[in-house]
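This report refers to the structure that appears directly beneath it.
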Amino acid sequence: MSVSVCLRCSGLRGAVWSALRLRPPAPGSPCAAAGLRLFSAPAPGETRPSIEESTAEYKFVERLIPPSKVRHGAGKVSTGWVPPSPSPPDLPYMIRRSRMHNIPVYTDVTHGNRLITIVRKVEGDIWALEKDVKAFLKDVTGKDLPTQVNEVTMTLKVKGHFDRELKEWLLNKGF
Amino acid sequence: VFRNKIRCVSSFAGESAVPPNLLLPTNLVDPSRHRRPAPPPDTALPILRSCDTSLPAHLSPVRTWVQTLMNPSDEPLGLTELHPDVFAVPPRLDILHQVEIWQKNFKRISHAKTKVRSEVRGGGRKPWRQKGSGRARHGSIRSPLWRGGGVSHGPRGPTSYYYMLPMKVRVMGLKVALSSKLAQDYLHIVDSLDIPTPDPQYLTELIKQKHWGQSVLIVDVGEEFPENILKATEELKTVNIIPAMGLNVHSMLKHESLILTLETVRFLEEKLLWHDIRFSPLYPFKLPYSDI
């Protein structure tokens with residue numbers, strides 16, 4: 001308590017610091033004679049254990065390091081995910097799965113009211129896919145929807161939000 | 001399309017009709033360089049390397065010849081299978097352009113700097129009084145209107161043109177470049193880079209005989225290269241050797257032919273295909289992940 005009072009006074013800070021400076025007691029000093037020792041110093045007769053290096057506990061660190069690659073899709077899952085069919089369907093086009101093994105159909109909204117559905121990762125005859133998509137959506141909605149084919153990026157855009165229908169349709173095809 | 005319509009091949013039987021002082025345009029493709037046919041499915045040659053990673057079910061690997069640098073004969077040693085997702089990617093010229101322009105510009109720091117009216121020496125005092133002198137009104141002799149005055153909208157100080165394209169775009173650029181080289185028959189696979197002599201003449205003759213083109217880029221994996229090829233390529237300006245980590249789109253476009261070893265092909269496939277199946281980084285990929 002008296003030490004804490006001294007610390008608040010800046011003038012006596014120097015004196016307190018020198019008083020608290022940790023030094024092992026010299027053998028002939030009054031501290032050693034009184035039987036005082038630093039907590040960190042071992043008692044006479046007591047042997048402290050030496051430092052031991054062990055790498056056996058590293059396995060607890062290793063199991064926390066995340067993987068970098070996406071794992072293969074599991075077989076049967078309760079989430080409703082359907083794996084692609086092992087043999088590719090016999091169509092002039094092919095739609096690959098995304099890196100998370102999902103169907104690459106996405107929706108986009110611009111200007112608040114412009115709804116677009118995008119089918120990415122198409123390979124092969126993209127115009128045949130466009131024809132099939134148009135026919136399918138005509139059955140679903142009854143309307144001829146405008147579509148845009150980009151042959152460079154191999155994507156297909158359809159006006160409107162039809163991601164659920166298109167995903168189901170592509171799943172049924174076996175992509 | 002040739003502007004001058006100069007023919008390299010002579011119409012006379014035994015004579016070479018090309019006069020010695022003729023300057024040929026540099027973009028003339030060597031007419032004796034014909035596309036070598038793709039390996040037929042029933043060759044007797046062994047497949048020296050097949051793809052390590054599993055292929056998608058609807059794609060089949062691309063097959064090419066494997067040659068050797070040791071003897072200058074034209075016979076291939078065998079075949080190799082190349083992954084279609086690295087060597088048979090659709091030719092995205094826009095991505096190739098993006099990556100090439102990025103490589104050119106991201107290192108650029110332009111040091112052009114001009115002095116503004118405040119930086120030009122002098123010009124603190126009003127040259128003459130505002131009214132009555134008959135001359136136009138001016139506030140300083142270093143305004144941009146004056147001769148010797150500062151530049152009003154000139155380049156200001158070192159400007160950096162640094163920007164980074166997304167990692168996947170850069171990877172795609174490499175894949176497109178490799179696929180284009182293979183499709184145009186400018187990619188050659190070699191079993192190893194051992195050559196009998198460190199003589200650069202041997203290499204130039206080999207390249208000429210095999211019709212590999214004007215300039216050749218040799219790529220190998222590993223920190224050490226055979227001494228002979230290092231000495232041979234040291235003197236030559238158009239034949240360059242780089243490690244696989246240094247492969248880039250600009251070098252591939254600059255050199256006409258690209259020579260890869262089988263080890264390099266394995267390395268490139270491993271590294272480039274990883275980007276198709278990786279997660280997005282939680283922390284930079286330089287730090288350890290469990291499977292890197």
Side-chain angles (χ1 to χ4, degrees), chain A residues 55 57-75 81-104 106 119-129 148-156 170-171 173-175, chain B residues 51-62 83-100 165-173 175-177 179-180 183 267 269-292:
Chain A
T55 49
E57 287 83 14
Y58 188 65
K59 68 174 195 282
F60 298 107
V61 172
E62 263 182 344
R63 67 188 194 184
L64 292 172
I65 300 174
S68 69
K69 294 182 214 172
V70 182
R71 280 173 298 174
H72 264 293
W81 175 78
V82 178
S85 65
S87 64
D90 191 23
L91 290 161
Y93 46 84
M94 170 71 189
I95 296 174
R96 282 212 208 177
R97 292 284 182 116
S98 70
R99 64 184 63 215
M100 299 300 186
H101 308 291
N102 296 322
I103 302 268
Y106 309 101
V119 177
R120 274 191 64 235
K121 296 193 84 127
V122 185
E123 288 171 18
D125 190 359
I126 199 169
W127 293 102
L129 172 69
Q148 185 201 50
V149 164
N150 188 333
E151 283 182 351
V152 176
T153 52
M154 294 300 263
T155 52
L156 176 70
L170 287 171
L171 271 173
K173 292 224 169 193
F175 287 118
Chain B
C51 289
D52 299 323
T53 39
S54 57
L55 293 167
H58 64 287
L59 294 171
S60 56
V62 190
H83 202 287
D85 278 340
V86 174
F87 289 95
V89 153
R92 288 289 302 269
L93 298 180
D94 58 323
I95 291 186
L96 215 55
H97 168 83
Q98 274 183 34
V99 177
E100 168 65 37
L165 281 179
M167 204 193 301
K168 292 176 195 168
V169 173
R170 286 177 271 141
V171 165
M172 193 66 196
K175 288 179 187 168
V176 170
S179 312
S180 315
F267 173 82
E269 280 187 9
E270 191 195 315
K271 293 283 173 180
L272 295 177
L273 287 169
W274 172 74
H275 287 278
D276 287 337
I277 50 169
R278 65 168 174 88
F279 286 112
S280 51
L282 279 177
Y283 45 84
F285 286 119
K286 286 184 183 175
L287 300 174
Y289 280 78
S290 62
D291 47 9
I292 283 188

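In what follows, chains are A, B, ... by sequence order, proteins preceding strands, each numbered from 1. Everything numeric here is computed off the predicted structure, so don't read it as measured data.
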Which label fits His101(A) and His72(A): parallel for a plane angle under 30°, tilted from 30 to 60°, or perpendicular past 60°?
parallel
Applying a strict 4.5 Å limit to non-hydrogen atoms, the region of Pro86(A) in contact with chain B is backbone
Between Ser179(B) and the options Val89(B), Asp85(B), Val62(B), the side-chain contact (heavy atoms from CB on, under 4.5 Å) test singles out Val89(B)
So, the part of Pro281(B) with a heavy atom under 4.5 Å from chain A: the answer is neither
Interface check, chain B: of Gly124(A), Pro88(A), Pro67(A), most non-hydrogen pairs under 4.5 Å belong to Pro67(A)
Scored by heavy-atom pairs under 4.5 Å with chain B, the best of Ser68(A), Pro66(A), Ser87(A) is Ser68(A)
If one checks every heavy atom of Met154(A) against chain B at 4.5 Å, the contacting part turns out to be neither
Heavy-atom closest pair (Val99(B) atom, Val169(B) atom, distance to 0.1 Å) is CG2-O, 3.8 Å
Whatever's closer than 4.5 Å to a heavy atom in chain B on Glu123(A) counts as side chain
Under 4.5 Å to a heavy atom of chain A? For Arg92(B) that would be side chain
Shortest non-hydrogen pair, Leu171(A) vs Arg97(A), comes out as CD2-NH2, 3.4 Å
CG of Leu129(A) to CE of Met94(A), rounded to nearest 0.5 Å, is 12.0 Å
Exercise for review: Determine the interplanar angle of the Tyr283(B) and Tyr289(B) rings, folded into 0 to 90°, and report it as parallel if under 30°, tilted if 30 to 60°, perpendicular if over 60°.
Suggested key: parallel
Looking only at Asp94(B), Asp276(B), Leu287(B), Leu282(B), most heavy-atom pairs under 4.5 Å shared with chain A are made by Asp276(B)
Under 4.5 Å to a heavy atom of chain B? For Ser98(A) that would be neither
Closest heavy-atom pair, Pro61(B) versus Leu55(B), reported as atoms and distance to 0.1 Å, is CD-CD1, 3.4 Å
Under 4.5 Å to a heavy atom of chain B? For Arg63(A) that would be neither
